[in-house]
**Q** 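First the structure, then my questions, so here it is.
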Amino acid sequence: MSKRKLSRQQRWRIEKVQAERAKRAEQRDVKDSQKLAAGEYGSERPGRVIAHFGRTLDVQEDGDGPTVRCHLRANLEGLVTGDRVIWRAAEDAEGNITEGVVVARSERQNVLERPDARGQLKPVAANIDQILIVFAAEPAPHPNLIDRYLVAAEATGIAPVLVLNKIDLLPEDGGELRALLTRYEALGYPVVSTTTARAEGLDALHARLAERTSVFVGQSGVGKSSLIDRLLPGESLRIGALSKDSRKGTHTTTTARLYRLPTADDAELIDSPGIREFGLVHLNEQQVAEGFIEFRDLLGHCRFRDCRHRHEPGCALLEAVERGDIHPERFASYRHIVDSLSET
């Protein structure tokens with residue numbers, strides 16, 4: 001899709017707004033520097049970014065400390081929910097924390113990035129142990145969509161987990177979904193089944209969340225907000241109903257936020273805005289192929305070094321499909337993803 005051309009007046013307005021924001025940020029940073037020099041902020045403390053609101057952050061002090069609204073120093077761009085930071089607090093005469101300022105970011109374990117509408121990578125969360133890919137009986141999951149999430153997760157280096165929600169809507173034999181799950185389990189992907197319709201429906205999910213920082217992804221309507229509502233009984237997340245026409249849900253969350261889960265031991269969850277399809281335009285064909293874990297041992301063993309795994313003789317992937325080592329639908333999904341890259 002070609003970019004929309006802006007008029008001269010529109011460009012001027014955008015540049016004016018950006019300049020005003022930069023000026024306000026510079027003024028705020030000068031004030032923070034003056035306060036730091038005057039000793040108005042206390043000693044350095046470790047914390048975790050709970051939520052991000054432009055130039056301000058909600059930071060929770062380590063050890064179940066309070067959550068404090070903090071300013072962001074001008075030299076600290078790109079902080080996201082889940083970042084571990086060093087911050088300093090300002091206190092009133094009675095010793096109550098009134099505000100804070102983030103002065104440094106600790107090294108990241110990893111970062112979850114998603115391409116925006118222009119194809120530019122945008123970080124949305126950091127320091128994640130696992131990505132929970134949620135799908136459900138309704139809307140009916142398409143294997144290619146699941147594969148897209150898996151490829152994206154593999155590219156980040158964050159362990160993916162498949163979560164089948166609304167299992168109360170499945171037939172007794174599990175139907176086609178059960179066969180699909182078996183295929184992914186055979187590849188080594190953990191699969192967790194959940195339902196909010198039964199009291200014990202989240203037991204397996206609780207066990208999986210324990211002692212980990214997790215993020216939920218998945219197309220809208222699969223029940224992510226319903227799951228989080230049960231995991232966080234003290235929070236209220238607006239749950240969107242499925243459209244009767246499309247059987248697709250509406251997006252209900254608007255910004256990434258980190259929660260400490262009271263229902264699982266030492267568990268944290270980052271709830272990020274739902275998306276219908278994980279963009280992969282930032283990946284090349286080689287990265288997509290590496291995202292299919294059953295391909296990895298075969299890559300580099302084709303007869304031709306520049307093999308694109310289409311019709312070339314001696315292609316290791318095509319031979320594996322013929323032997324039954326690679327499922328035909330997974331290979332077709334790979335080809336569909338690769339073909340879609342050239343269409344964007």
**Q** Quick one: pull up SG in C70 and CD1 in I97 and give me the separation to the nearest 0.5 Å.
**A** 8.5 Å
**Q** Where is the tightest heavy-atom contact between H309 and R335, given as atom of each residue plus distance?
**A** O-NH1, 3.4 Å
**Q** When you check the gap from the basic side-chain N to the acidic O, do E268 and R48 get nearer than 4.0 Å?
**A** yes
**Q** Any sub-3.5 Å donor-acceptor pair from T156's side-chain atoms to L112's backbone N or O?
**A** no
**Q** Might you point out which heavy atoms bring I270 and G82 nearest each other, and give the distance in Å?
**A** CD1-CA, 4.1 Å
**Q** Measure the acute angle between the ring planes of F292 and Y334, then classify it against the limits of 30° and 60° as parallel, tilted or perpendicular.
**A** perpendicular
**Q** Does atom CG (D297) have a neighbourhood of more than 12 heavy atoms from anything else shown, all under 6.0 Å?
**A** no
**Q** From R212 CZ over to L261 CG, what is the distance, rounded to the nearest 0.5 angstrom?
**A** 12.5 Å
**Q** Any non-hydrogen side-chain atom of V217 less than 4.5 Å from a side-chain atom of V134?
**A** no
**Q** Any chance the side chains of S340 and R148 put a donor and an acceptor closer than 3.5 Å?
**A** yes
**Q** Got T67 and V59 here, is their nearest side-chain heavy-atom distance under 4.5 Å?
**A** no
**Q** Hey, are R88 and E44 close enough for a salt bridge, meaning a charged N less than 4.0 Å from a carboxylate O?
**A** no
**Q** When you compare the side chain of D129 with that of I158, does any pair of heavy atoms fall below 4.5 Å?
**A** no
**Q** Working to the nearest 0.5 Å, report the span between CZ of F295 and CZ of R330.
**A** 6.5 Å
**Q** To the nearest 0.5 Å, tell me how far D58 CG sits from L258 CG.
**A** 11.0 Å
**Q** Closer than 4.0 angstrom, basic N to acidic O: yes or no for R308 and E285?
**A** yes
**Q** Rounded to the nearest 0.5 Å, what separation is found between the CD1 atom of I131 and the CD atom of E154?
**A** 9.0 Å
**Q** Over all heavy atoms of both residues, which pair between P160 and P190 is shortest? Give the atoms and the distance, please.
**A** O-CD, 3.7 Å
**Q** Closest approach of L232 and R260, non-hydrogen atoms and distance?
**A** CD2-O, 3.8 Å
**Q** Side-chain heavy atoms nearer than 4.5 Å, only ILVMFWY residues, links allowed to pass through others: does that put V80 and F216 together?
**A** no
**Q** Are D203 and R198 ion-paired here, with the side-chain N under 4.0 Å from a carboxylate O?
**A** no
**Q** Rounded to the nearest 0.5 Å, what separation is found between the CZ atom of F135 and the CG atom of L164?
**A** 5.0 Å
**Q** Quick one: does N284's side chain have a donor or acceptor within less than 3.5 Å of a partner on Q286's backbone?
**A** yes
**Q** Just by modelled atom types, is the H336 backbone N or O under 3.5 Å from a matching donor or acceptor in the D339 side chain?
**A** no
**Q** Shared ILVMFWY cluster between L169 and L180, side chains joined below 4.5 angstrom?
**A** no
**Q** Give the minimum heavy-atom separation between P123 and V111, together with the two atoms involved.
**A** CB-CG2, 3.8 Å
**Q** Are the side chain of D83 and the backbone N or O of V49 linked by a donor-acceptor pair below 3.5 Å?
**A** no
**Q** Identify which one of L202, L227, V192 satisfies the side-chain contact (heavy atoms from CB on, under 4.5 Å) criterion when paired with N165.
**A** L227
**Q** Would a distance-only check, ignoring hydrogens and angles, find a side-chain to backbone donor-acceptor pair under 3.5 Å from E319 to A316?
**A** no
**Q** So, does H327 use its side chain to make a donor-acceptor pair with the main chain of R183 at under 3.5 Å?
**A** no
**Q** Identify the heavy atoms of E312 and L318 that sit nearest to each other, and give their distance.
**A** O-CD1, 4.0 Å
**Q** Are Q109 and R84 close enough that a side-chain donor and a side-chain acceptor fall under 3.5 Å?
**A** no
**Q** Using modelled atom types and a 3.5 Å cut-off, is there a donor and acceptor pairing between side-chain atoms of N110 and backbone atoms of G157?
**A** no
**Q** For residues L205 and L209, determine if any side-chain heavy atom of one lies less than 4.5 Å from a side-chain heavy atom of the other.
**A** yes
**Q** Determine, stepwise, if the pair Y189 / V161 fulfils side-chain contact (heavy atoms from CB on, under 4.5 Å).
**A** CA-CA 6 Å; Y189 287 114; V161 177; over 6 Å; no
**Q** Within the side chain of E329, is there an N or O that forms a donor-acceptor pair under 3.5 Å with the backbone of N144?
**A** no
**Q** Is the backbone N or O of T195 less than 3.5 Å from a side-chain atom of D168, with the two atoms forming a donor-acceptor pair by type?
**A** no
